[in-house]
Number of protein chains: 2
Amino acid sequence: MLTPSNASSNSIFSLMPRQPLPIRDQASACREGCAAFDRIVSISGFIVSYPRGVEIFGENEPAEYLYKVVSGAVCTYKILNDGRRQISGFYLPGEFFGLQYSGEYEFSAEAIRDAKSLVIKKSALMAAARGDAAVSHGLLLLTALELGRVQNRVLLLAKSAQERVVGFLLEMAARSPSGRSLQLPMLRQDIADYLGLTIETVSRTLKSLKKLAVIDVSTRHIVIRDRSSLSQLNG
Amino acid sequence: MLTPSNASSNSIFSLMPRQPLPIRDQASACREGCAAFDRIVSISGFIVSYPRGVEIFGENEPAEYLYKVVSGAVCTYKILNDGRRQISGFYLPGEFFGLQYSGEYEFSAEAIRDAKSLVIKKSALMAAARGDAAVSHGLLLLTALELGRVQNRVLLLAKSAQERVVGFLLEMAARSPSGRSLQLPMLRQDIADYLGLTIETVSRTLKSLKKLAVIDVSTRHIVIRDRSSLSQLNG
DNA sequence: CGATGCGTTGATAACTTTCAAATTTAGTGG
DNA sequence: CCACTAAATTTGAAAGTTATCAACGCATCG
């Protein structure tokens, strides 16, 4: 009942992989399982460029569009009452954002590097979905993957500073083409706001991981030297 | 396009309320929006009793069943490598759990009070879903509500101990029949494992909130005396 | 070459955990 | 219903972790 072979069923259960997918597979799962979805997205979407630092959409705006990163990098975030910024996700090329569970965006989105996005009007997607179950399946798969990501983040945030940073590095590594060499598109401040830490703590933690010889650190680039030790430090 | 009036569309977007629903509305949203779903659940489900402390299902077991709490209380959790327990959610009467995004449960579930659950075989639900769009809509609504909950928890866990406890109280209050008087079905240890704190910190934080005259505290019962102050402390 | 933004480093303060009781609560058998 | 026991919660003191504040270094860019 819950096997991939049943993927044409109308139920959400059948859309889910048997094993939780590693994050790196978001793009590929969608490619393999939802070719029709991707085709619609490519046809009905248009490319928009966002210079670094520009807001792509704001919290509480009507959620009219779905976005797929083509190049660069994007984050979604929320500003809390006291002015702190909580980043809820980073999105790299091939990944989707703007998939909100209500009629209005729950978060704001901003380009953290100069970025290009494929922008798809949700109403167009929905029209396509009525005639093509693969499209609605694609949307559901994205939603389920997002849920899995967020659940992982809950586990991450319950831990110590070192475990958070390690978890972040492993997550980024899983999404990188090369699993060992990470180009970090975001600033230290972005990492801090993602992990609920300060930039100083992020900086010091990276340094201590370097001292332990599990990673090499430069400003925008991390090399994982000892992955098994890193995984052990993940708790 | 994204209005509630469009709820019969095949797209997940149309299933979502315009505004994020407060948590208390999980049960009622399902009642109102998914009468057919609830009917199927009631018909095809059976009642099982679980004494307090009993495991209902375990992480990595095949996710064959969906559960709806009838009485008592349940939590889902994960044991981390170092033995810590991270509780991922509490479920009160009327709420669903066991809705996993993969073919196997991501978490374990346990009765934190003597509990009765309606147990529904997912394969039966899926069969019903093929003939009745309302059923698959119901599943999707549950999934989307779960996503919203988890997103709120991410925001919670990035904050200070006091803000976490306050957020927890506000969340529980929103789910209680009376919004001001909370019966807590869980132990302090459960609250601590939910918030990523120690029981001592939870205890001290509750005491300090009592000192601030925003709540009254007894072992299993909280009364919110000053809701607006409490909300302000939520960050 | 100064200005600016970003990252690192150091010292101190604030917060949270840890460890070790003491106290209260809940359950059980008399 | 009371006494006893085990479990749960609270409290206190000390240790550990992270944040805050301040300064410095290091690039990039006009």
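Excluded from the calculations below are hydrogen atoms, water molecules and symmetry mates; all remaining heavy atoms, backbone and side chain alike, are included. To find a chain, count down the sequence lines: A is the first, B the second, and so on, and within it residues start at 1.
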Contact under 4.0 Å: B:Lys207 side-chain N or O vs D:dT11 OP1/OP2: yes
Partner set under ring-ring contact (aromatic ring centres under 6.0 Å, His included) for A:Tyr65, not counting sequence neighbours: none
When the distance from [atom1] of [X] to [atom2] of [N] is rounded to whole Å, what number comes out?
X	N	atom1	atom2	value
A:Lys159	D:dT17	NZ	C1'	17 Å
B:Leu206	D:dT10	CG	P	7 Å
A:Glu163	D:dT18	CD	C1'	14 Å
A:Leu187	D:dT28	CG	C1'	14 Å
B:Lys210	D:dT11	NZ	P	8 Å
A:Gln162	D:dT17	CD	P	10 Å

Ion pair B:Glu64/B:Lys122, N-O distance below 4.0 Å: no
Carboxylate-amine/guanidinium contact A:Arg225 A:Asp216, below 4.0 Å: yes
Start and end of chain B contact along DNA chain C [non-hydrogen atoms, under 4.0 Å]: C:dT16 to C:dT25
Qualifying residues under side-chain contact (heavy atoms from CB on, under 4.5 Å), relative to A:Lys116, sequence neighbours excluded: A:Ile47, A:Ser49, A:Val70, A:Ser71
Qualifying side chain to side chain donor-acceptor pair (under 3.5 Å) pairs, either residue in residues 188-197 of chain A, two or more places apart: A:Arg85-A:Asp190, A:Arg85-A:Asp193, A:Glu171-A:Tyr194, A:Gln189-A:Asp193
Sugar-phosphate, base or nothing in reach of B:Arg84, heavy atoms under 4.0 Å: nothing
Sugar-phosphate, base or nothing in reach of B:Arg220, heavy atoms under 4.0 Å: sugar-phosphate
Can you name the atoms? Protein N/O to nucleotides 20-27 of chain D N/O, anything below 3.5 Å, with the distance.
residue: D:dT20; atom: O4; partner: A:Arg204; partner atom: NH2; Å: 2.9
residue: D:dC21; atom: N4; partner: A:Glu200; partner atom: OE2; Å: 2.9

Separation between CD of B:Glu106 and CD of A:Gln151, rounded to the nearest 0.5 Å: 6.0 Å
Overall bend - the helix from C:dC1-D:dG30 to C:dG30-D:dC1, comparing terminal axes fitted on five pairs, nearest 10 degrees: 40°
Smallest separation among heavy atoms of [X] and [Y], with atom names:
X	Y	value
B:Ile112	B:Phe90	CD1-CD2, 3.8 Å
A:Leu157	A:Leu195	CD2-O, 3.4 Å
B:Leu118	B:Gly45	CD1-C, 3.7 Å

DNA chain C: 5'-proximal contact among B:Ser160 and B:Arg52 (nearest heavy atom): B:Ser160
Side-chain donor-acceptor pair present, B:Ser231, B:Ser228, cut-off under 3.5 Å: no
Passing option when B:Tyr105 is tested against B:Phe57, B:Phe97, B:Tyr77 for ring-ring contact (aromatic ring centres under 6.0 Å, His included): B:Phe57
